[in-house]
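Worksheet: the structure to be examined is printed underneath.
Since the model is a prediction, treat every value here as computed from it, not as a measurement. All values below come from the heavy atoms of this structure, side chains included, with hydrogens, waters and symmetry mates left out.
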Amino acid sequence: MCGIIGIVSNSAVNQDLYDGLTVLQHRGQDAAGIMTCDADRMYLRKSNGLVRDVFHTRHMLRLQGNMGIGHTRYPTAGCFSSAESQPFYVNSPFGIALSHNGNLTNAEQLKRELFETDQRHINTNSDSEVLLNIFAHELQTRVQGKQTVEPQDIFAAVEGVHRRCSGAYAVVALIVGRGIVAFRDPHGIRPAVIGKKIANGKDCFMVASESVAVDALGYELVRDIDPGEAIYIDVNGQMNAKQCAENTVRSPCIFEHVYFARPDSVMDGISVYKARLRMGEYLARKIKRTYPDHDIDAVLPIPDTSRTSALSLAYHLGIRYSEGFIKNRYIGRTFIMPGQKQRKKSVRQKLNPIGLEFKGKNVLLVDDSIVRGTTSQEIIQMARDAGAKKVYFASAAPPVRHPNVYGIDMPAASELIGHNRTAEQIAELIGADWLVYQDLDDLREAVKKKSKSNVDQFDTSVFDGEYVTGDVTPEYLKGIEDARNDSARSKDEQSNDGEFVELYNSA
């Protein structure tokens with residue numbers, strides 16, 4: 001999961017790109033990068049770390065230009081070195097930089113095609129670099145001998161990308177001196193929105209993963225980019241849009257609403273906040289059905305993403321809602337930390353219980369989901385150590401039983417605590433007195449109910465194993481299991497101060 005942003009303005013964009021990335025920091029904490037364009041020069045700064053640590057004053061001063069793109073990364077494919085951080089850049093045609101959120105399911109096949117047929121070199125293990133080179137090759141075949149880029153050239157290139165690429169991709173790309181391109185895969189699995197404002201009498205546009213970034217930068221939310229659609233904003237602030245794929249099916253990832261997105265975002269016409277309120281309501285109904293004589297004294301969220309659901313759950317159960325854990329905000333999101341050992345160590349550094357809220361009480365802990373179970377197990381033990389008599393647990397999402405192949409680093413199936421286990425078995429493993437999961441049909445209804453969205457279906461593959469792109473085979477899943485499981489993963493521990501590059505294009 002990553003955050004992307006792109007801005008075309010009539011003034012310097014470096015500060016807005018930085019501010020936008022800080023708002024999107026929750027989508028990736030491994031690395032960050034910004035590339036700007038000033039006439040025929042491009043300026044790049046990227047490195048491992050949080051946005052605030054990657055960009056210092058000396059970097060910001062050199063990120064010149066009225067057009068640029070940015071990226072926050074956590075890795076799903078490739079390694080953890082700053083060489084894998086984005087944006088990526090190729091010099092032909094014209095000079096193109098690209099930021100990508102998602103994951104290509106046919107990346108290995110495309111790598112072979114790029115080498116054997118397109119005669120392009122891939123320098124990293126990242127599927128985002130593959131996607132960049134596919135787009136660059138498709139565009140180059142349409143602009144041979146030309147010094148200008150027309151919207152129809154861009155759209156034809158994106159059509160070529162859709163024909164060749166499978167999987168999930170929300171993309172923003174910068175073409176030197178020409179403009180910014182943004183597009184989503186034909187299923188719209190990963191989010192992207194358009195914002196607009198008028199400054200000095202001229203239109204300025206931005207593209208971002210979530211609407212909260214649009215709001216924070218003072219832009220007005222125009223709409224979501226449609227699945228399969230391409231947007232081209234030239235340097236003069238003229239926007240063109242075209243549907244570039246056939247047989248599109250709006251199938252956004254439902255886990256965005258469960259965990260990844262900020263609650264103040266709106267995705268595909270659906271308020272994340274309202275969706276999470278309804279998740280709590282539906283979960284309360286299930287608890288009433290399953291445990292009508294429960295003895296819960298208090299409902300406590302596991303901060304932060306479960307707060308909204310827990311508040312609604314407590315209200316509909318008629319039980320006191322309380323804050324039982326204090327979060328250290330200087331610890332990253334444990335779900336997206338690389339390595340089981342680091343995740344486990346971080347739980348107790350991240351959360352500290354308020355003893356008065358636990359001592360002698362039966363508490364219901366609410367979390368957005370349970371992935372590996374490590375965090376849940378540690379937190380339940382913390383509640384018992386703080387004096388809780390009984391500890392019940394509720395998940396606002398169904399059991400996570402299958403790997404994610406569309407850009408969320410959910411591990412091998414064998415590392416998912418929900419894989420091939422019942423709720424009772426999972427409760428015993430994490431140490432809960434009982435455990436309640438959301439039903440999948442209830443989750444779907446909770447997300448879409450009362451919204452004005454035109455979503456056709458949701459990608460719920462992590463819960464039911466049904467992959468919307470239709471090309472995910474057991475062999476493919478075995479391959480990502482070998483690549484992603486913690487025992488196979490090794491992190492590059494060498495320090496790296498990142499890259500700052502001034503890129504010059506002679507056109």
Side-chain angles (χ1 to χ4, degrees), residues 1 76 102-103 105 166-168 185-191 227 247-261 267-268 270 272 275-276 278-280 282-283 285-286 289-290 305-306 309 335 367-373 376 393-427 429 435-449 451 453 455-481 484-485:
M1 188 62 58
T76 57
N103 188 60
T105 54
S166 298
D185 68 80
H187 289 86
I189 298 171
R190 293 286 153 239
N247 304 318
T248 60
V249 181
R250 191 180 294 267
S251 314
C253 174
I254 206 166
F255 210 76
E256 292 274 0
H257 294 276
V258 170
Y259 175 78
F260 267 104
M267 293 179 162
D268 294 299
I270 300 171
V272 177
R276 289 179 183 168
R278 290 190 291 268
M279 289 178 206
Y282 280 77
L283 197 52
R285 294 180 188 177
K286 183 171 183 180
R289 293 194 307 268
T290 309
T305 45
S306 65
S309 296
F335 169 69
D367 208 350
D368 51 78
S369 58
I370 306 172
V371 181
R372 297 168 177 87
S376 305
F393 207 93
S395 168
V400 176
R401 303 190 188 278
H402 305 274
N404 183 278
V405 302
Y406 299 130
I408 301 177
D409 192 21
M410 288 183 178
S414 59
E415 291 180 358
L416 298 168
I417 196 169
H419 184 68
N420 288 335
R421 292 189 179 97
T422 65
E424 291 75 20
Q425 290 171 327
I426 298 168
L429 284 172
L435 166 65
V436 171
Y437 278 106
Q438 187 86 264
D439 292 332
L440 182 53
D441 286 342
D442 284 349
L443 176 62
R444 290 191 185 101
E445 188 172 347
V447 175
K448 192 173 181 181
K449 185 179 180 182
S451 75
S453 173
V455 167
D456 298 306
Q457 63 185 31
F458 291 102
D459 168 55
T460 56
S461 54
V462 297
F463 306 124
D464 59 13
E466 297 181 8
Y467 297 94
V468 295
T469 54
D471 61 341
V472 178
T473 64
E475 292 75 23
Y476 178 81
L477 292 175
K478 179 63 168 61
I480 65 168
E481 177 172 349
R484 289 190 191 180
N485 68 67

Whether [Y] and [X] form a salt bridge (side-chain N of Lys/Arg under 4.0 Å from carboxylate O of Asp/Glu) is what I want to check.
X    : Y    : result
D268 : R250 : yes
R190 : D185 : no
R444 : D439 : no

Roughly how far, to the nearest 0.5 Å, is the [atom2] atom of [Y] from the [atom1] atom of [X]?
X    : Y    : atom1 : atom2 : result
N103 : N404 : CG    : CG    : 8.0 Å
Y437 : D442 : OH    : CG    : 16.0 Å
L440 : D464 : CG    : CG    : 5.5 Å
I408 : I189 : CD1   : CD1   : 10.5 Å
H187 : S166 : NE2   : OG    : 9.5 Å
I270 : H257 : CD1   : NE2   : 4.5 Å

Can you name the side-chain contact (heavy atoms from CB on, under 4.5 Å) partners of A397, sequence neighbours left out?
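side-chain contact (heavy atoms from CB on, under 4.5 Å) list for A397, sorted by chain: V258, S369, S395, F463.
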
Side chain to side chain donor-acceptor pair (under 3.5 Å) between Y406 and T105, intermediate numbers included
CA-CA 8 Å; Y406 299 130; T105 54; over 6 Å; no

Hey, are the side chains of [X] and [Y] touching, using non-hydrogen atoms and a 4.5 Å cut-off?
X    : Y    : result
L443 : V447 : yes
H419 : S414 : no
I370 : F393 : yes
H402 : E466 : no

Compare every heavy atom of [Y] with every heavy atom of [X], then report the nearest pair and how far apart it is.
X    : Y    : answer
V400 : F255 : CG2-CE1, 4.4 Å
L416 : P403 : CD1-N, 3.9 Å
R278 : A446 : NE-O, 2.5 Å
R401 : R421 : NH1-O, 2.8 Å
M279 : S309 : CB-OG, 3.7 Å
Q457 : V468 : NE2-CG1, 3.5 Å

By side-chain hydrogen bond (donor to acceptor under 3.5 Å, both in side chains), which residues pair with D459, not counting sequence neighbours?
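Scan of D459 (side-chain hydrogen bond (donor to acceptor under 3.5 Å, both in side chains), adjacent residues dropped) gives S461.
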
Which residues pass the salt bridge (Lys or Arg N to Asp or Glu O under 4.0 Å) test with K449, not counting sequence neighbours?
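In terms of salt bridge (Lys or Arg N to Asp or Glu O under 4.0 Å), with neighbours along the sequence ignored, K449 is linked to no residue.
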
How far apart are the C-alpha atoms of V371 and I417, what are their side-chain angles, what is the distance that settles it, and do they pass the side chain to side chain contact (heavy atoms under 4.5 Å, CB included) test?
CA-CA 6 Å; V371 181; I417 196 169; over 6 Å; no

Polar side chain donor-acceptor pair, D368 to S306, under 3.5 angstrom:
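Looking only at side-chain atoms, S306 and D368 do not form any donor-acceptor pair under 3.5 Å.
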
Side chains of Y282 and Q438: do they bring a donor and an acceptor to under 3.5 Å?
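Absent: no donor and acceptor within the cut-off.
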
Give a yes or no answer on whether the side chain of K448 reaches the backbone of V455 with a donor-acceptor pair at less than 3.5 Å.
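It does hold such a pair.
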
Evaluate side chain to side chain contact (heavy atoms under 4.5 Å, CB included) for Y467 paired with L477, printing each intermediate quantity in order.
CA-CA 11 Å; Y467 297 94; L477 292 175; 3.8 Å; yes

Before you tell me yes or no, could you show the steps for M1 and E256 under side chain to side chain contact (heavy atoms under 4.5 Å, CB included), namely the whole-Å CA-CA distance, both residues' side-chain angles and the distance that decides it to 0.1 Å?
CA-CA 10 Å; M1 188 62 58; E256 292 274 0; 3.4 Å; yes

